[in-house]
Amino acid sequence: MTSRLPRLSVVILAVLALSACSAAAGADEASSGTGGTIELAISETCAEGSDSQCVSVNGENVLLPSAFEQAGVEESSVTGGGQNAVDVTFNADGAEVLHALTEKAARAGDSARLVISIGGELQAAVVVMEALEGDQVQIALSPDDNVQEIVDLIQGG
């Protein structure tokens with residue numbers, strides 16, 4: 001896969017509280033939009049060079065998933081408050097996909113990763129400690145990443 005922009009340095013994939021976090025972010029958001037998708041899959045870690053399908057995603061070596069599940073996004077926006085992050089609200093189907101895959105990853109053990117693809121590009125391989133509930137997540141990025149470009153990719157732009 002060829003990257004259209006620098007690889008994301010995803011620091012955190014965190015469930016936002018459905019109360020204060022999402023309400024506080026609204027005032028400072030630079031841009032938001034509706035619709036779109038994020039692709040999710042479960043994979044296993046691998047040793048570099050051990051397999052032709054072993055790829056590095058932000059320094060984490062994982063086997064390239066053979067298929068991704070589409071997680072529908074209701075809304076995505078640049079997080080307010082000076083954070084370099086994207087707030088994502090999944091639609092009902094997307095929230096179900098997120099919950100099912102994070103539950104599967106948590107049960108699979110230490111070598112399992114939730115692989116995130118946005119705009120056809122592998123963006124992160126995340127350790128999942130427990131199944132995520134709800135429909136909101138925040139993806140924190142490195143200071144060098146262009147958050148608005150990521151929002152645009154989620155929305156299919």
Side-chain angles (χ1 to χ4, degrees), residues 1-22 25 32-77 79 83-142 145 147 149-156:
M1 294 186 184
T2 309
S3 180
R4 290 184 283 180
L5 44 122
R7 287 245 189 255
L8 287 177
S9 300
V10 175
V11 179
I12 294 175
L13 178 66
V15 176
L16 292 177
L18 295 176
S19 59
C21 289
S22 60
S32 68
T34 58
T37 59
I38 293 177
E39 296 179 297
L40 304 171
I42 302 299
S43 186
E44 295 289 322
T45 58
C46 55
E48 184 176 358
S50 65
D51 187 301
S52 63
Q53 297 298 305
C54 185
V55 296
S56 179
V57 182
N58 295 324
E60 183 81 50
N61 291 322
V62 295
L63 291 172
L64 185 64
S66 58
F68 284 85
E69 291 190 45
Q70 299 282 323
V73 172
E74 185 175 302
E75 184 175 9
S76 58
S77 61
T79 300
Q83 298 179 37
N84 205 38
V86 176
D87 289 329
V88 177
T89 302
F90 290 97
N91 62 26
D93 291 337
E96 286 182 32
V97 169
L98 177 69
H99 175 75
L101 289 179
T102 57
E103 183 175 54
K104 183 178 177 182
R107 289 184 180 174
D110 294 341
S111 65
R113 299 294 183 268
L114 176 68
V115 179
I116 301 169
S117 177
I118 299 173
E121 301 298 323
L122 295 179
Q123 303 295 340
V126 181
V127 175
V128 178
M129 302 304 284
E130 62 185 52
L132 298 179
E133 300 289 337
D135 63 354
Q136 295 182 321
V137 297
Q138 183 177 80
I139 303 171
L141 309 172
S142 79
D145 292 322
V147 182
E149 285 184 28
I150 301 309
V151 169
D152 292 345
L153 285 173
I154 291 170
Q155 296 169 8

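Residues: numbered from 1 along the sequence shown.
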Student: Which side-chain N or O atoms in residues 88-100 pair as donor and acceptor under 3.5 Å with protein atoms at least two apart or in another chain?
Tutor:
residue: T89; atom: OG1; partner: Q136; partner atom: NE2; Å: 3.4
residue: N91; atom: OD1; partner: D93; partner atom: N; Å: 3.2
residue: N91; atom: OD1; partner: G94; partner atom: N; Å: 2.7
residue: H99; atom: ND1; partner: L132; partner atom: O; Å: 3.0

Student: Shortest non-hydrogen contact from A106 to A131?
Tutor: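 The pair with the smallest heavy-atom distance is CB-N, 4.1 Å.
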Student: Can you find a pair of side-chain heavy atoms, one from Q155 and one from S76, that are under 4.5 Å apart?
Tutor: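 Yes. Closest side-chain heavy atoms under 4.5 Å.
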Student: Working to the nearest 0.5 Å, report the span between CD of E75 and CG of D87.
Tutor: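 Output value for this atom pair is 9.0 Å.
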Student: Before you tell me yes or no, could you show the steps for R113 and V127 under side chain to side chain contact (heavy atoms under 4.5 Å, CB included), namely the whole-Å CA-CA distance, both residues' side-chain angles and the distance that decides it to 0.1 Å?
Tutor: CA-CA 5 Å; R113 299 294 183 268; V127 175; 3.5 Å; yes
Student: With side chains defined as the heavy atoms from C-beta onward, is the minimum distance between C46 and D51 less than 4.5 Å?
Tutor: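 Sidechains of D51 and C46: no contact.
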Student: With rounding to the nearest 0.5 Å, note down the distance linking CD in E60 to CG in L122.
Tutor: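 It comes to 12.5 Å.
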Student: Could you go through residues 36-45 and list every donor-acceptor pair under 3.5 Å that involves a side-chain atom there, pairing it with any protein atom two or more places apart or in another chain?
Tutor:
residue: T37; atom: OG1; partner: Q70; partner atom: OE1; Å: 3.2
residue: E39; atom: OE1; partner: S117; partner atom: OG; Å: 3.4
residue: E39; atom: OE2; partner: Q70; partner atom: NE2; Å: 2.8
residue: S43; atom: OG; partner: L63; partner atom: N; Å: 3.4
residue: S43; atom: OG; partner: L63; partner atom: O; Å: 2.4
residue: E44; atom: OE1; partner: S111; partner atom: OG; Å: 2.4

Student: Roughly how far, to the nearest 0.5 Å, is the CD1 atom of I139 from the CD atom of Q123?
Tutor: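 The CD1 atom of I139 is 8.5 Å from CD of Q123, to the nearest 0.5 Å.
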Student: Counting C-beta onward and ignoring hydrogens, is there a side-chain heavy-atom pair between V62 and V55 closer than 4.5 Å?
Tutor: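 The answer is yes, as the side chains (C-beta and beyond) meet within the 4.5 Å cut-off.
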Student: With sequence neighbours left out, write down each residue that passes salt bridge (charged side-chain N to carboxylate O under 4.0 Å, His left out) with E130, or none if nothing qualifies.
Tutor: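 Result, salt bridge (charged side-chain N to carboxylate O under 4.0 Å, His left out) vs E130: none returned.
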Student: Could you grab the distance from atom OG1 of T102 to atom CZ of R107, nearest 0.5 Å is fine?
Tutor: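 Those atoms lie 10.5 Å apart.
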Student: Give the intermediate values and the outcome of side chain to side chain contact (heavy atoms under 4.5 Å, CB included) for residues I118 and I150.
Tutor: CA-CA 8 Å; I118 299 173; I150 301 309; 4.0 Å; yes
Student: If you measure from CD on E69 to CG on L101, what distance do you get to the nearest 0.5 Å?
Tutor: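 Interatomic distance, E69 CD to L101 CG, rounded to 0.5 Å: 4.5 Å.
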Student: Is there a donor-acceptor pair closer than 3.5 Å between any side-chain N or O of E74 and the backbone N or O of G72?
Tutor: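 Not a single qualifying donor-acceptor pair exists.
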Student: Quick one: closest heavy-atom pair of G59 and S56, and the distance?
Tutor: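 Reported closest heavy-atom pair: N-OG, 3.6 Å.
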